[in-house]
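First the proteins, then the strands, lettered A, B, ... as listed; each starts at 1.
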2 protein chains.
Amino acid sequence: MATRTDAPTRREQILKEAARLFAERGFHGVGVDEIGAAVGISGPGLYRHFPGKDAMLAELLVGISGQLLTGAKQRLKEVDGAAPEVVLDSLIEGHIDFALDDRPLITLHDRELDRLRDSDRKLVRQLQRQYVELWVGVVRALYPDLSEPAARSAVHSVFGLLNSTPHLARSGSLPGRATTAALLHRMARGAFAAAGSA
Amino acid sequence: MATRTDAPTRREQILKEAARLFAERGFHGVGVDEIGAAVGISGPGLYRHFPGKDAMLAELLVGISGQLLTGAKQRLKEVDGAAPEVVLDSLIEGHIDFALDDRPLITLHDRELDRLRDSDRKLVRQLQRQYVELWVGVVRALYPDLSEPAARSAVHSVFGLLNSTPHLARSGSLPGRATTAALLHRMARGAFAAAGSA
DNA sequence: CCTCCAGGTTAACGACCGCTAACCCCGCTG
DNA sequence: CAGCGGGGTTAGCGGTCGTTAACCTGGAGG
């Protein structure tokens with residue numbers, strides 16, 4: 001993992017603030033002036049960096065889906081040949097890291113997809129589908145009795161479980177990141193195990 | 001359960017269609033004209049039934065939260081004194097029924113809360129909190145080793161799991177309502193069990 | 001038969017929002 | 001030092017949206 005140390009570019013600032021605002025108030029609920037104000041410039045100045053408001057959302061959603069997918073592929077390669085439990089644990093860990101570190105993006109990811117242009121939406125959906133199918137393969141390797149539709153449903157449901165992190169913030173004082181991550185990990189494993197014992 | 005057989009009133013039609021549209025395109029993404037068109041009247045005719053667009057959303061969200069809470073209380077009364085497993089199963093069953101039968105409402109429920117007036121939002125949050133606390137009590141009765149914050153996190157996460165039903169529709173042809181419900185139920189139990197074995 | 005009202009209609013207003021136009025400033029570079 | 005381009009600014013246009021105003025209509029009640 002090549003951790004960035006240099007200062008974020010203006011584009012990156014904008015994307016980050018836009019993600020936060022979109023997650024908080026919805027795509028249509030945020031004006032370009034607010035996004036500009038959040039990075040210290042005002043309104044139309046954004047158009048020096050993006051062709052339009054839609055483009056920001058598109059770049060965010062494509063970026064998320066791509067990151068999730070390539071991260072998962074990377075992890076699959078790293079643990080290549082290991083037992084299915086190990087592979088699944090790695091996938092779960094990766095998803096939890098993402099859900100805990102980029103909550104606004106996780107929120108956007110399944111909330112604002114329909115606000116995209118057709119071509120962008122197709123791309124995002126394709127990336128998402130690949131990500132899901134990757135999980136489905138691993139889950140079925142671990143629980144061969146699970147039918148493919150059932151495995152797919154189970155994967156989607158576990159995503160729902162892991163992506164609940166934004167709600168955890170609001171509720172009572174989460175007891176430290178590591179503890180929360182461990183709890184989520186256990187629950188995901190437990191959910192899959194229960195799904196597998198048809 | 002007193003099942004309704006009489007025709008739905010116009011108000012109810014409007015609420016139903018508004019829920020569907022809000023879930024599909026977001027509160028700000030739907031115009032009053034579209035809501036009107038969905039029930040066969042046009043635009044400002046809605047104002048004979050609601051004081052404004054916000055009021056529709058408010059009534060929907062308050063309604064959902066209230067229904068979930070009173071339904072759960074009802075179930076608690078029905079199985080009063082039973083073993084904790086039985087009580088939890090009943091809660092899970094109720095939530096799954098709701099998630100499968102009223103997907104648009106489930107979607108709205110955690111997506112558009114911030115679009116409400118302060119007073120309405122407070123009310124909804126209070127109802128939601130009561131619902132959560134009711135679950136937390138049952139979960140902790142069944143898994144006494146679980147700390148209260150952990151139990152609360154677990155409950156929120158299982159809600160995320162159960163509320164993933166809208167995503168199941170999009171993906172592959174869910175194999176019948178009963179099968180899906182059974183799968184979700186098993187997974188929820190498995191997730192709680194895994195959370196409980198700290 | 002007249003009245004009235006619930007429940008519609010269309011027209012239009014005012015606010016807001018995304019985006020463009022026109023202009024400006026400043027730090028490079030030849 | 002001239003020029004120029006990246007990255008800002010403000011003013012304003014065009015369209016959309018929520019809401020109100022004014023008007024209409026069919027059926028129930030006295």
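- In this structure, B:R11 places its CZ atom 14 Å from C1' of C:dG7, rounding to the nearest Å.
- When rounded to the nearest whole Å, the span between CZ of B:R10 and C1' of C:dT9 equals 14 Å.
- Classification of A:R115 and A:D120 as a salt-bridged pair fails, no side-chain N sitting under 4.0 Å from a carboxylate O.
- Scanning DNA chain D 5' to 3' for nucleotides with an atom closer than 4.0 angstrom to a non-hydrogen atom of chain A gives a first and last hit of D:dG7 to D:dA11.
- Using the six-membered ring where Trp is involved, A:W135 and A:H95 have ring planes that are perpendicular, over 60° apart on the 30 and 60° scheme.
- The pair B:R189-B:E85 does not count as a salt bridge, with every side-chain nitrogen at least 4.0 angstrom from each carboxylate oxygen.
- Here the P atom of nucleotide C:dA12 and the CG atom of B:D33 are 16 Å apart, to the nearest Å.
- Within residues 14-24 of chain A, no residue has a heavy atom under 4.0 Å from DNA chain D.
- Counted by atom type alone, B:S119 and B:R117 present one or more donor-acceptor pairs between their side chains at under 3.5 Å.
- Following rounding to the nearest Å, A:L57 (CG) and C:dC17 (P) show an atom-to-atom distance of 17 Å.
- With respect to B:E24 and B:R20, a salt bridge is recorded, a charged nitrogen being found less than 4.0 Å from a carboxylate O.
- Note on A:D80 versus A:K77: no salt bridge recorded, every NZ/NE/NH1/NH2 to OD/OE distance being 4.0 Å or above.
- Panel note: side chain B:R75, backbone B:L91; no donor-acceptor pair is recorded below 3.5 Å.
- The residue among A:F27 and B:H49 whose nearest nucleotide of DNA chain C is located toward the 5' end is B:H49.
- B:Q13 and B:E17 form no side-chain donor-acceptor contact under 3.5 Å, judged by distance and modelled atom types alone.
- A:D97 and A:R177 are joined by a salt bridge, as a carboxylate oxygen and a charged side-chain nitrogen come within less than 4.0 angstrom of each other.
- The residues B:E133 and B:R152 are annotated as salt-bridged, a charged nitrogen and a carboxylate oxygen being separated by less than 4.0 angstrom.
- Going from atom CG of A:L123 over to atom CG of A:L61 covers 10.0 Å, rounded to the nearest 0.5 Å.
- Near DNA chain C, meaning a heavy atom under 4.0 Å from it, residues 39-48 of chain B has B:I41, B:S42, B:P44, B:G45, B:R48 in order of number.
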